[in-house]
Amino acid sequence: MDLTKFFDIPGEKPLDNMVTDGGFCGIFRRIACIGDSLSSGEFEGINAEGQKTYHDYFDYSWGQYLGRMAGSTVLNFSRGGMTAREYCLTFAEANGYWDRDKACTAYIIALGVNDIFNQHQEMGSVEDIDFENYKNNKPTFVGYYARIIQAYKRIQPDAKFFLVTTPRGGRDEALGDALTETIYKLAEVFDNCYVIDLHKYAPVYDDDFRKKFFLGGHMNPMGYMLTAKMVASYIDYIIRHNMTDFAQVGFIGTEHQYREV
């Protein structure tokens, strides 16, 4: 048996080795996906009057494809149009997503499209974060995004967080670069945080890509499945390159841990 494919292969980029079974992403038995329409399996339709209609089909979301692939339970903490601000102020509480019985071992956060590109909210900086009381965070994208991480850290202190950047193509590239840089800075100030950098490593969502994987302005079923493969493969890559960080995932949410004696 060749074990080297399970190691941190020198020179390997995050999506060089695509997994088909979830890879090491499967070590997380319960995962929450926090996001907007692209995390909700949203399909765009056109009605008889020629008007666009939008429909969240969670069973087609990349999170549920990932769950079926890895054999993990995945919870959709998402909805079309979601922003970090709305998630913090109304959405999460109204749907019970702060409840401790919904605690997960991993949280994948994919927000920013509606916040930054569509609503043009103030980006902010890590200076907007009150590390003692997240309710005092400033009302910026960073302030609300950090508040999500901080709230779930109170619920599940040892959980792992994967922060997803937006792919390139079809949007303001300079703004995409700024958002990516901001997400990296967020990952730096919190422990157990890792970046899934689709902005750098995913295919560019150009016209040819959109013809194959989009239905209007949102993805089609193949697009959501491809996204699941990319997210699972990226998490597998992160784990293989940081094995000691994930050795005690099985103890998350318990009173137990391993200590060297």
Side-chain angles (χ1 to χ4, degrees), residues 3 5-8 14 19-35 39 58 61-78 84 87-88 91-111 129-135 137 144-164 183 186-196 228 231-261:
L3 283 175
K5 64 182 180 179
F6 299 111
F7 300 159
D8 53 341
V19 299
T20 58
D21 59 356
F24 282 127
C25 188
I27 69 174
F28 298 109
R29 307 313 304 143
R30 202 176 198 201
I31 302 168
C33 294
I34 299 165
S39 297
F58 290 122
S61 67
W62 56 259
Q64 294 307 318
Y65 278 122
L66 185 155
R68 291 189 288 268
M69 191 190 317
S72 303
T73 297
V74 175
L75 306 179
N76 285 94
F77 291 179
S78 62
Y87 194 92
C88 288
F91 182 69
E93 184 174 1
N95 289 279
Y97 294 155
W98 301 135
D99 294 354
R100 292 186 181 275
D101 64 356
K102 291 186 177 69
C104 295
T105 53
Y107 294 87
I108 306 173
I109 306 178
L111 290 168
I129 305 170
D130 184 334
F131 291 95
E132 299 299 321
N133 184 354
Y134 59 76
K135 293 184 179 180
N137 288 5
Y144 287 120
Y145 197 112
R147 183 169 172 173
I148 294 171
I149 298 172
Q150 290 169 286
Y152 283 120
K153 278 183 168 293
R154 289 186 63 184
I155 293 168
Q156 193 74 286
D158 297 318
K160 305 296 184 180
F161 292 82
F162 299 94
L163 316 184
V164 185
I183 288 175
L186 278 160
E188 289 171 4
V189 298
F190 292 109
D191 63 350
N192 289 319
C193 274
Y194 306 85
V195 177
I196 296 176
V231 171
S233 299
Y234 209 124
I235 292 176
D236 175 77
Y237 167 88
I238 290 171
I239 293 171
R240 287 189 291 104
H241 286 254
N242 301 274
M243 295 286 260
T244 56
D245 288 4
F246 296 90
Q248 299 200 52
V249 160
F251 284 149
I252 294 175
T254 77
E255 61 184 11
H256 308 296
Q257 62 178 295
Y258 176 82
R259 296 181 179 88
E260 294 290 346
V261 294

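Atom set for the values below is all heavy atoms of this structure, side chains included, hydrogens, waters and symmetry mates excluded.
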Checklist entry - If you look only at pairs with a residue in residues 233-247, which of them pass as a side chain to side chain donor-acceptor pair (under 3.5 Å), with sequence neighbours excluded? => result Glu12-Arg240, Glu12-His241, Tyr194-Asp245, Asp236-Arg240
Next on the checklist: Give me each pair satisfying side chain to side chain donor-acceptor pair (under 3.5 Å) with a member in residues 61-73, each pair once, sequence neighbours excluded.
Outcome noted: Arg29-Ser72, Asp59-Arg68, Ser61-Asn76, Gln64-Asn76
Indicate yes or no: at least one non-hydrogen side-chain atom of [X] is less than 4.5 angstrom from one of [Y].
{"X": "Cys193", "Y": "Leu186", "answer": "no"}
{"X": "Leu163", "Y": "Ile149", "answer": "yes"}
{"X": "Ile31", "Y": "Cys25", "answer": "yes"}
{"X": "Val231", "Y": "Phe162", "answer": "no"}
{"X": "Ile34", "Y": "Tyr97", "answer": "no"}
{"X": "Lys102", "Y": "Ile155", "answer": "no"}

If I compare all heavy atoms of [X] with all of [Y], which pair ends up nearest, and what's the gap?
{"X": "Gly22", "Y": "Ala70", "answer": "CA-CB, 4.0 Å"}
{"X": "Gly67", "Y": "Val74", "answer": "CA-CG2, 3.5 Å"}
{"X": "Cys88", "Y": "Ile148", "answer": "SG-CG1, 3.6 Å"}
{"X": "Gly35", "Y": "Ser39", "answer": "CA-OG, 3.6 Å"}
{"X": "Ala110", "Y": "Val164", "answer": "CB-CB, 4.0 Å"}
{"X": "Met69", "Y": "Val19", "answer": "SD-O, 4.2 Å"}

Next on the checklist: Using the rule given for side-chain hydrogen bond (donor to acceptor under 3.5 Å, both in side chains), can you reason through Gln248 versus Asp158, listing the C-alpha separation, both sets of side-chain angles and the distance that settles it, and then say yes or no?
Outcome noted: CA-CA 9 Å; Gln248 299 200 52; Asp158 297 318; over 6 Å; no
Checklist entry - Run the side chain to side chain contact (heavy atoms under 4.5 Å, CB included) check on Val249 and Ile239 step by step: do they pass? => result CA-CA 11 Å; Val249 160; Ile239 293 171; over 6 Å; no
In Å and rounded to the nearest 0.5 Å, what is the [atom1] to [atom2] distance from [X] to [Y]?
{"X": "Tyr134", "Y": "Asn137", "atom1": "OH", "atom2": "CG", "value": "9.5 Å"}
{"X": "Ile238", "Y": "Phe246", "atom1": "CD1", "atom2": "CZ", "value": "6.5 Å"}
{"X": "Arg154", "Y": "Gln156", "atom1": "CZ", "atom2": "CD", "value": "14.0 Å"}
{"X": "Ile235", "Y": "Ile108", "atom1": "CD1", "atom2": "CD1", "value": "4.0 Å"}
{"X": "Arg147", "Y": "Tyr152", "atom1": "CZ", "atom2": "OH", "value": "12.0 Å"}

Next on the checklist: I'd like to know whether CD of Gln257 has more than 12 heavy-atom contacts from other residues, nucleotides or ligands below 6.0 angstrom.
Outcome noted: yes
Item to check | side chain to side chain contact (heavy atoms under 4.5 Å, CB included) assessment of Ser78 paired with Phe58 | outcome: CA-CA 9 Å; Ser78 62; Phe58 290 122; 3.6 Å; yes
Checklist entry - Is there a donor-acceptor pair under 3.5 Å between the side chain of Asn133 and the backbone N or O of Lys135? => result yes
Checklist entry - Asp130 and Gln150: side chain to side chain contact (heavy atoms under 4.5 Å, CB included), yes or no, with the steps? => result CA-CA 10 Å; Asp130 184 334; Gln150 290 169 286; 5.8 Å; no
Checklist entry - Would Lys160 count as a cation-pi partner of Phe28, with NZ or CZ less than 6.0 Å from the six-membered ring centre and within 45° of the ring normal? => result no
Next on the checklist: For Trp98 and Tyr87, I'd like to know if the aromatic rings sit close, meaning centre-to-centre distance below 6.0 Å.
Outcome noted: yes
Next on the checklist: Less than 6.0 angstrom separating the ring centers of Phe131 and Phe190, yes or no?
Outcome noted: yes
